[in-house]
Amino acid sequence: MAELLSGSNLERVLAAGKFAVTAELGPPMDCNGEVVREKAKILKGNADAFNITDNQTAVVRMSSIASAFIILQEGLEPVMQMTTRDRNRLAIQADILGACALGCKNCLCIAGDHQSFGGAGRLKGHPGAKNVYDIDTIQLISALKGMRDDGVQQGGDPIDKRPPLFIGCAWTPMGDPIEIRPTRLKKKVDAGADFIQTQGVYDVEAFKEQMKIVVDMGLHERTAILAGIIVPRNFGMLKYMNNFVSGVSVPKELMDRMKAAMKAGGDDKKQKRINQEEEAGKITVELIQQCREIPGIKGVHLQAIEWEKKIPEIVEKAGLLPRPTFD
Amino acid sequence: MIIADQKPVAEIKGFIEGKKKVLIAGCGTCVTVCLAGGETEVKNVASALRIAFKNDGKDVEILEDTVERQCDDEFVEPLLARVKNEGFDAVVTLACGVGCNFLSTRIGPVQVFPGVNTSFLGSNEAQGDYLELCAGCGECILHLTGGICPMARCSKQIMNGPCGGTSDGKCEISQDIDCGWYLIVKRMQELDILGQYDEIQAARDWSKGTHGGPRRLTKETAAMAAEDDAAKES
């Protein structure tokens, strides 16, 4: 096995040629560390690493670094998400050094939703906040790579103990304009992205086409691409994602299936919910299996937003257990 | 040009409550074109204020004056002289923030109030429709982006865009806002220069923008020429 960049569990799974699984863990909107611990206990053993979101949908939550440290204490490996929205290059690098000192080995570089989002309209958020965007995602990847491989801060000052990070970023394969997306992925890989977690995939055929371009460019051999799967909890959520989430389109067939599951519950609200949640599990397992078949895909990134307890069942039914372990 | 938007008359009235003689000062340049602070707007604001104070039963003298540019001593001097000679106790300027600053540092003990909100650097798209096209960031990168500016037109000022939030050519924050990077990609395709997109743009030096502190630009040759002219005259 080639020398590891970070020695993170996620990196080791990928280096061993295993199909990787990451899952998302959303921190609470308060300082209750028990919420994070509880989620960690549910998720433990069901993925190789766990993404800790960073003020997701531009809503203030427990910091990704603190939450990452809590799950480390619980024996899980975090992927600390880091948006360029909330911190300038000084804060980002300081936080990265601190996170690495605490034992974090994976970082996901993302732009973050614009602050005008405020919890996708369900929460107030902070739409009047000033965003930072001192550096963008690609520049952040370059900065982290420089810290790790060259031992220099972005400004040029030397680093004695280099942060051993497995550097990741997101990719929206079906974002608009679609023809630029593979090239933009290449820029991320050129900048130093070791792994990629894609935006949620429902339209597997469209994703396949984008992946074919990516494979033709050889990018799948330079980075590990994990297909993003967002567990579609109910019909309303699928409809919302199809209509309002950029780069996500849900095929009519999936919408119809979920709608039928909902309707089969008749007037019984509880039954409607149960039916949809069952269908959500089935759809997710199918999506995982379909994405697994796509050439160039090295794993999946599962997001069950505020529904983490569904993950163990999905991972099990998808035949992804047990997860590999290393000495 | 600089785009500004008139403040509500009630807000302006609040600034000058208690004053006896107020000059409403317009500017003949950018704010005239964007219908915020030219001669016509000065007339309208002045007359609205006169009516409002009259309704309150207050005797406030409101006069009007519009100069060619409120950011240049040559045009501002007569205005300053008038304020001094005619005993105004306040000025409301409908020029951009530059005008308000410029007058305030030259006018002596008379307060200058802003009558507009200075908004952005933009274009005249149609009558009454202005679009932000430049962020005044101090270091143009338009040669890299097909002439369309990600600093002014991307909500995240991303230099290596587009982010994942583009949808049907629109920005994730609003269907009314074009995605700057969508426009850039399409423009680069049109020019057949999309190959340039492959290059990663490095982190920016924001010190050339407002993050480096207030900016001043001195053109030495022009300054020297002015000194020569002054010497010849004397």
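Here is how names work: the chains are called A, B, and so on, in the same order as the sequence lines, proteins then strands, and each is numbered from 1.
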_Would you say CG of B/Asn55 has more than 12 non-hydrogen atoms from neighbouring residues, nucleotides or ligands within 6.0 angstrom?_
yes
*Measure distances from A/Thr172 to the heavy atoms of chain B and classify the residue's part below 4.5 Å as side chain, backbone, both or neither.*
side chain
*B/Trp206 to A/Tyr133 - nearest heavy-atom pair and separation*: CZ2-O, 3.8 Å
*Distance, nearest 0.5 Å, that separates CD1 of B/Ile184 from CD1 of A/Ile180*: 10.5 Å
*Any sub-3.5 Å donor-acceptor pair from A/Ser246's side-chain atoms to B/Gly165's backbone N or O?*
yes
*What are the two closest non-hydrogen atoms of B/Ala203 and A/Gln154, and how far apart are they?*
CB-NE2, 3.2 Å
_Rounded to the nearest 0.5 Å, what separates atom CD1 in B/Ile200 from atom NZ in A/Lys188?_
11.0 Å
*Is the CD atom of A/Glu306 crowded by more than 12 outside heavy atoms at less than 6.0 Å?*
yes
*Residue, of A/Thr84, A/Asp113, A/Leu140, A/Val132, that accumulates the most heavy atom pairs under 4.5 Å with chain B*: A/Asp113
*asked:* Is A/Arg89 in contact with chain B via its backbone, its side chain, both, or neither, using a 4.5 Å heavy-atom distance?
replied: side chain
_Under 6.0 Å from the ring centre and within 45 degrees of the ring axis: does the NZ or CZ of A/Lys187 meet both conditions for the six-membered ring of B/Tyr197?_
yes
_Are the side chains of B/Trp181 and A/Arg184 in contact, using a 4.5 Å heavy-atom criterion?_
no
*Name the option with the most non-hydrogen atom pairs under 4.5 Å to chain A; the candidates are B/Glu172, B/Gln157, B/Glu199.*
B/Glu172
*How long is the span from the CG atom in B/Asn160 to the OG1 atom in A/Thr137, to the nearest 0.5 Å?*
9.0 Å
*Largest heavy-atom contact set with chain A, pairs under 4.5 Å, which of B/Gln189, B/Gln175, B/Lys170*: B/Gln189
*Would the number of heavy atoms belonging to other residues, nucleotides or ligands and lying under 6.0 Å from CD of A/Gln153 be above 12?*
yes
*Validation row: B/Lys156, A/Asp136 side chains within 4.5 angstrom (heavy atoms)*: no
*asked:* Between A/Ser142, A/Gly247, A/Pro173, A/Pro177, who has the most heavy-atom pairs with chain B when the cutoff is under 4.5 Å?
replied: A/Pro177
_Under 4.5 Å from any heavy atom of chain B, what part of A/Gln115 do you find: side chain, backbone, both or neither?_
neither
*asked:* Does A/Lys239, at its NZ atom, have more than 12 non-hydrogen atoms belonging to other residues, nucleotides or ligands within less than 6.0 Å?
replied: no
_How close do A/Asp176 and B/Pro162 get, counting heavy atoms only, and between which atoms?_
O-CG, 4.3 Å
*Can you say whether A/Ser116 sits under 4.5 Å from chain B via the side chain, the backbone, both, or neither, judging by heavy atoms?*
side chain
_If I take atom CE from residue B/Met159 and atom CD1 from residue A/Ile135, how far apart are they, to the nearest 0.5 angstrom?_
12.0 Å
*Region of A/Asp190 that comes under 4.5 Å of a non-hydrogen atom in chain B*: both
*asked:* Working to the nearest 0.5 angstrom, can you tell me the gap between B/Cys163 SG and A/His114 NE2?
replied: 9.5 Å
